[in-house]
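In what follows, a structure is listed as structure tokens, so that the remarks can point back to it.
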Amino acid sequence: MLGRSSGGVFRLKGGFRPSPVPLPCPRAPGLPPWAGISGGPPPGANIGKPLEGIRILDLTRVLAGPFATMNLGDLGGEVIKVEKPGTGDDTRSWGPPFVGNESVYFLSVNRNKKSIAVDLKNPKGVKIIKELSAVSDILVENYIPGKLAAMGLGYEDINKIAPQIVYCSITGYGQTGPKFQRAGYDSVAAAASGLLHITGTEGGEPVRPGVAMTDLATGLYAYGAIMAALLQRQKTGKGMHVDCNLLSSQVACLTYIASNFLNCKTETKQWGTAHASIVPYQAFKTKDGYIVVGAGNDQQFATVCKILGLSEISHHPKYKNNQQRVLNREELIGILSARFLEEETTKWLELFEGSGVPYGPINSMKQVFSDPQVLHNGLVMAMNHPTAGKIAVPGPAVRYSQFDVSEPKPPPLLGQHTLEILKGTLGYKDDDIKELLSSGVVAQHERI
């Protein structure tokens with residue numbers, strides 16, 4: 001599988017990989033000739049996407065892990081999603097809604113991936129994963145700590161055969177500690193991290209955010225950490241283990257709320273749409289809906305008052321600066337709320353347009369995806385799925401000047417690429433593949 005090639009890299013089946021030992025060279029292995037030269041690539045150079053040639057072995061399911069690997073796939077990485085024969089990723093059955101027989105939940109976070117169905121309880125299945133690891137750059141998994149190690153697929157096991165691997169583990173609580181073997185679920189981690197304690201209407205019950213933000217934040221942390229580990233590998237020639245978990249991600253995302261407690265012992269309560277330290281900054285009910293308005297400084301507050309026809313209160317001693325407005329929050333919000341109720345949302349949107357004050361409506365999904373800015377930003381990504389037909393999902397949030405993230409591949413059918421990967425990536429013979437299929441070690445989707 002391995003053979004020395006020029007330029008200080010190993011050539012593995014599937015592409016060039018950095019050497020496991022740092023070698024002297026003017027630039028990191030695998031970089032194009034113009035790397036490091038002032039002015040960048042020459043005109044007309046085919047740059048491609050940054051992760052083209054990088055292979056990601058994806059042993060994750062549900063949301064945090066698949067979200068991370070989907071983002072890597074958007075940047076050109078070859079993502080091989082390993083799934084359990086027969087059932088696959090848990091979210092394949094999460095619905096309704098379904099498009100045809102496909103779960104919309106699964107479709108939302110699995111574009112730009114290939115699917116191989118492998119039974120990891122079978123030693124031959126474990127062997128396949130080890131072989132794929134040897135020709136991959138990244139492995140991402142979200143098993144309970146110790147479970148993959150018991151199969152011979154833990155980091156120490158994989159590192160021996162693939163020292164180039166960036167092995168990212170996504171768990172509920174981390175690799176060690178008093179709770180490390182607990183299963184990780186978004187709502188539980190959101191509760192334990194304090195997010196549910198500070199979310200909801202004032203004096204009401206705890207409220208779970210409308211999407212699994214703890215999972216998604218962890219996926220983004222994992223995505224960024226994997227990219228950092230790849231950069232480190234360019235310096236050292238070696239892979240590493242990356243430990244991401246739901247609890248740590250959400251506690252880190254508490255930012256100023258956490259700092260309020262750590263520095264001032266201030267326990268934050270639920271504020272609904274309001275802000276603990278800025279007034280006004282919240283949703284206001286209008287005659288027919290809601291509008292969110294924020295005044296981050298005294299000038300913006302004066303502008304809000306002028307638009308509302310309440311200029312006199314911007315000069316009142318109780319509201320002259322943000323500190324006073326926070327102290328007198330209840331009375332001020334009562335005055336502003338009464339005024340907002342007098343007009344419809346569209347009228348207020350017209351009045352605030354061009355004012356320099358942060359404002360916006362609370363949109364339904366229908367309104368979100370008809371919003372001209374959402375459409376302009378290209379946030380709807382359409383694809384043709386082999387069984388569901390034309391589908392649409394929210395696309396990447398980031399755009400780049402030197403490459404495009406369009407033309408995605410649709411989320412795979414379960415085991416859609418099993419034969420392709422065994423034969424093309426690992427070089428298995430037809431007879432060997434036939435035996436693996438007949439014994440149930442692997443599975444190929446019937447439609448392919």
Side-chain angles (χ1 to χ4, degrees), residues 48-84 88-95 99 102-117 132 136-143 166-170 184 186 211-230 242 244 246 249 377-386 388 390-400 403-417 421:
K49 295 181 181 180
L51 293 186
E52 286 181 5
I54 297 293
R55 181 175 291 134
I56 300 103
L57 189 56
D58 182 3
L59 277 72
T60 69
R61 57 226 183 268
V62 187
L63 186 56
F67 189 59
T69 55
M70 181 180 70
N71 277 280
L72 295 170
D74 286 338
L75 296 184
E78 179 193 6
V79 182
I80 297 176
K81 184 177 180 71
V82 178
E83 300 189 72
K84 182 179 180 180
D89 188 315
D90 302 37
T91 62
R92 285 188 181 273
S93 64
W94 286 11
V99 181
E102 307 299 328
S103 157
V104 174
Y105 194 120
F106 177 85
L107 296 177
S108 72
V109 287
N110 285 289
R111 65 174 174 266
N112 290 322
K113 300 180 184 181
K114 299 176 180 179
S115 172
I116 179 172
L132 284 172
S136 296
D137 300 275
I138 300 161
L139 186 154
V140 190
E141 59 91 7
N142 62 350
Y143 284 76
V166 171
Y167 187 114
C168 179
S169 298
I170 300 175
D186 173 89
V211 292
M213 288 309 303
T214 302
D215 267 344
L216 295 172
T218 306
L220 290 175
Y221 265 115
Y223 164 64
I226 289 166
M227 297 294 282
L230 284 178
V242 176
C244 293
L246 304 184
S249 297
N377 288 357
L379 291 170
V380 178
M381 186 168 268
M383 293 165 280
N384 288 313
H385 189 274
K390 188 172 183 179
I391 62 170
V393 298
V398 180
R399 293 293 180 266
Y400 304 87
F403 64 91
D404 198 353
V405 291
S406 61
E407 300 181 9
K409 296 181 178 65
L413 302 172
L414 174 58
Q416 179 177 342
H417 304 92
I421 293 164

Taking side chain as C-beta onward, heavy atoms only, is [X] less than 4.5 Å from [Y]?
X      : Y      : result
Pro394 : Leu379 : no
Asn110 : Met70  : no
Arg92  : Leu414 : yes
Leu63  : Thr91  : no
Val166 : Asp137 : no
Pro411 : Ile391 : yes

Which residues pass the side chain to side chain contact (heavy atoms under 4.5 Å, CB included) test with [X], sequence neighbours left out?
X      : result
Ala225 : Val242, Cys244
Val398 : Tyr400
Asn112 : Asp74, Pro408, Lys409
Pro50  : Leu75, Phe403

Pairwise distance [atom1]([X]) to [atom2]([Y]) - rounded to 0.5 angstrom:
X      : Y      : atom1 : atom2 : result
Ile421 : Ile116 : CD1   : CD1   : 4.5 Å
Glu78  : Ile138 : CD    : CD1   : 11.5 Å
Ile80  : Leu59  : CD1   : CG    : 10.5 Å
Leu139 : Arg55  : CG    : CZ    : 12.5 Å
Glu102 : Leu413 : CD    : CG    : 5.5 Å

Within residues 56-72 or reaching into it, pairs that qualify as salt bridge (Lys or Arg N to Asp or Glu O under 4.0 Å) - sequence neighbours excluded: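 Residue pairs passing salt bridge (Lys or Arg N to Asp or Glu O under 4.0 Å), neighbours aside: Asp58-Lys113.
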Just grab all the salt bridge (Lys or Arg N to Asp or Glu O under 4.0 Å) pairs involving residues 62-73, residues at least two apart or on different chains.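 Counting only pairs at least two positions apart or across chains, no salt bridge (Lys or Arg N to Asp or Glu O under 4.0 Å) contact touches residues 62-73.
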For the student: nearest non-hydrogen atoms of [X] and [Y], plus distance:
X      : Y      : result
Asp215 : Ala64  : O-CB, 3.3 Å
Arg399 : Asn377 : NH2-O, 3.3 Å
Gly88  : Glu83  : CA-OE1, 3.4 Å

Closer than 3.5 angstrom, by distance alone: can the side chain of [X] be matched with the main-chain N or O of [Y] as a donor-acceptor pair?
X      : Y      : answer
His417 : Ser115 : yes
Arg111 : Met381 : no
Asn142 : Ile170 : no
Ser103 : Trp94  : yes

Residue list, salt bridge (Lys or Arg N to Asp or Glu O under 4.0 Å) with [X], at least two apart or on another chain:
X      : result
Glu141 : none
Asp89  : Lys81
Lys49  : none

Quick one: list whatever passes ring pair (Phe, Tyr, Trp, His ring centres under 6.0 Å) with Tyr143, sequence neighbours left out.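 Not a single residue meets the ring pair (Phe, Tyr, Trp, His ring centres under 6.0 Å) criterion with Tyr143.
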What pairs with Phe106 under ring pair (Phe, Tyr, Trp, His ring centres under 6.0 Å), at least two apart in sequence or on another chain?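 Ring pair (Phe, Tyr, Trp, His ring centres under 6.0 Å) list for Phe106, sorted by chain: empty.
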Side chain to side chain donor-acceptor pair (under 3.5 Å) involving Asn384 - partner list, sequence neighbours excluded: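 None.
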So which of Asn71, Thr69, Leu72, Leu51 actually passes side chain to side chain contact (heavy atoms under 4.5 Å, CB included) with Ile226?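 Answer to the side chain to side chain contact (heavy atoms under 4.5 Å, CB included) test with Ile226 among Asn71, Thr69, Leu72, Leu51: Leu72.
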